[in-house]
Number of protein chains: 2
Amino acid sequence: MSAEKIKNSAASLFAEHGYAGTSLAQISEQVGIKKPSIYAHFKSKEHLFSALLDDAFASELRILYGQSSLFELLNNYVKRHANDALFRFLITSSFFPPDHLKEDILNRYYDYLDAMEKKTGEILQDGIEAGTIRNIDIADTAAMYTIILDSILVELCYGSRERTEKRLDVSWRFFWNSIRKGEKEHD
Amino acid sequence: MSAEKIKNSAASLFAEHGYAGTSLAQISEQVGIKKPSIYAHFKSKEHLFSALLDDAFASELRILYGQSSLFELLNNYVKRHANDALFRFLITSSFFPPDHLKEDILNRYYDYLDAMEKKTGEILQDGIEAGTIRNIDIADTAAMYTIILDSILVELCYGSRERTEKRLDVSWRFFWNSIRKGEKEHD
DNA sequence: ATAAAACTAACGAACGTTAGGAAGGTGTTT
DNA sequence: AAACACCTTCCTAACGTTCGTTAGTTTTAT
């Protein structure tokens with residue numbers, strides 16, 4: 001299916017150069033078709049972008065709900081960033097949305113964050129009940145987890161793998177050290 | 001001076017719409033001159049952008065070196081974001097640089113981060129010697145501080161003041177709680 | 001008088017988009 | 001089985017607009 005090829009190319013190009021910085025000519029060239037052929041599959045540049053957004057948010061939610069470990073979820077983001085153009089597209093578009101979709105994207109992103117804080121809260125609650133996590137304030141801790149996640153996403157944007165891994169290591173040690181159960185809470 | 005007016009308008013437009021998303025027509029219109037008049041002050045769109053970058057990095061370093069409190073430095077970022085277009089321009093351009101300057105910006109941004117981690121390390125060292133901070137690993141802690149800073153910058157990008165303040169509050173409590181001296185380290 | 005800073009006019013290139021038609025496959029009617 | 005209409009997908013050609021930029025000229029200030 002050529003529509004899928006268009007989506008793939010568009011996702012990686014939008015992710016790298018942004019909405020305004022990506023032309024239909026670039027996309028069609030990467031796919032190997034002529035520029036107007038895109039219109040056989042998508043009504044406009046905006047519609048193509050919106051279709052990608054739908055895919056990206058849906059995919060992200062699916063992955064989120066399949067996760068049950070806070071560390072693995074973080075790790076999952078790092079791993080996917082290298083190969084998943086749709087994921088990179090989503091990060092870029094959330095950080096830097098085109099004008100006409102700013103509000104829409106923001107709302108959907110906040111919805112996603114809410115879903116994630118809810119999910120995070122559930123995992124924390126499980127940990128408390130299982131006795132592996134101290135009796136922390138769940139809302140605050142979930143918020144702190146989101147903070148760490150965002151900082152990981154930032155580092156992913158800059159593209160240095162080693163910096164990201166280091167950041168993941170440091171932030172997780174701080175975070176885990178703050179919530180884990182144990183007689184000695186700092187090393 | 002009209003060159004300054006151009007810089008101001010360009011900074012806020014670049015910050016909001018990005019390099020590719022901002023046209024010289026928009027800039028000149030906001031300044032109140034005709035489009036070609038920009039060329040009396042800047043050789044090209046790229047040169048205008050580069051001039052802004054120089055200003056922004058210089059300004060940021062100056063502010064960084066004038067700071068002596070880790071919390072105040074964070075707070076300073078939040079406060080400036082509302083009024084300082086050059087600062088917003090710097091964040092946007094660092095997160096999402098135009099292609100032809102990607103490498104240059106990245107290097108300068110890393111230099112800035114290094115300067116900040118160094119400065120952070122000094123402040124932490126002072127705190128340890130003064131007895132207000134525990135005997136933590138300075139490099140790790142400075143890295144963690146940068147993580148928190150980045151997450152604040154992310155939230156600033158999304159523009160919700162209250163979310164930013166909440167994030168500042170939560171992250172600082174976690175951070176400070178992890179490094180401050182005190183018989184009881186968690187509430 | 002001289003130089004800087006603004007203007008009008010226009011350039012070629014690139015943009016997103018539309019019109020109109022050719023090629024190929026699918027299913028229905030004779 | 002052959003002929004038909006139909007729809008999808010791709011094409012070429014071209015549209016109007018906007019882009020960054022240049023040339024040449026006039027205004028403004030020193």
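Predicted model, so just to flag it, every value in this text is computed and none were measured. Letters go in sequence order (proteins before strands), and every chain restarts at 1.
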Can you give me every donor-acceptor pair (side chain of residues 61-69 of chain B, partner residue at least two apart or in another chain, under 3.5 Å) with its distance?
residue: S69(B); atom: OG; partner: F71(B); partner atom: N; Å: 3.4
residue: S69(B); atom: OG; partner: E72(B); partner atom: N; Å: 3.0

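R108(A) and D54(A) are joined by a salt bridge, as a carboxylate oxygen and a charged side-chain nitrogen come within less than 4.0 angstrom of each other. Of the charged side-chain nitrogens involved, at least one lies within less than 4.0 Å of a carboxylate oxygen, so that R161(A) and E165(A) count as a salt-bridged pair.
The separation between F42(A) atom CZ and dG16(C) atom P is 15 Å, rounded to whole Å. Straight-line distance from the NE2 atom of H47(A) to the P atom of dG16(C): 16 Å, rounded to whole Å. Computed from coordinates, the Y19(A) OH to dC15(C) P distance equals 13 Å when rounded to whole Å.
The phosphate of dG20(D) (OP1 or OP2) has no side-chain N or O of S44(B) nearer than 4.0 angstrom. Residue S2(A) places at least one side-chain N or O under 4.0 Å from the OP1 or OP2 atom of dC10(D). Here H41(B) reaches the OP1 or OP2 of dA6(C): one of its side-chain N or O atoms lies under 4.0 Å away.
For the segment residues 22-35 of chain A, residues with any heavy atom less than 4.0 angstrom from an atom of DNA chain D are, sorted by number, I33(A), K34(A).
By the side-chain contact (heavy atoms from CB on, under 4.5 Å) test, D84(A) pairs with R80(A), L86(A), F87(A), sequence neighbours left out. Qualifying side-chain contact (heavy atoms from CB on, under 4.5 Å) partners for K118(B), counting only residues two or more places apart in sequence or in other chains: E122(B). In terms of the ring-ring contact (aromatic ring centres under 6.0 Å, His included) criterion, residue partners of Y19(A) (sequence neighbours excluded) are, by chain and number, F14(A), F49(A), H100(A).
Using the six-membered ring where Trp is involved, W172(A) and F175(A) have ring planes that are tilted, between 30° and 60° apart.
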Subject >> Where protein sits on nucleotides 18-23 of chain C, one letter per nucleotide: B base, S sugar-phosphate only, - none, heavy atoms under 4.0 Å >> reply: B-----
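For the atom pair R167(B) CZ and L153(B) CG, the distance stands at 10.5 Å (nearest 0.5 Å).
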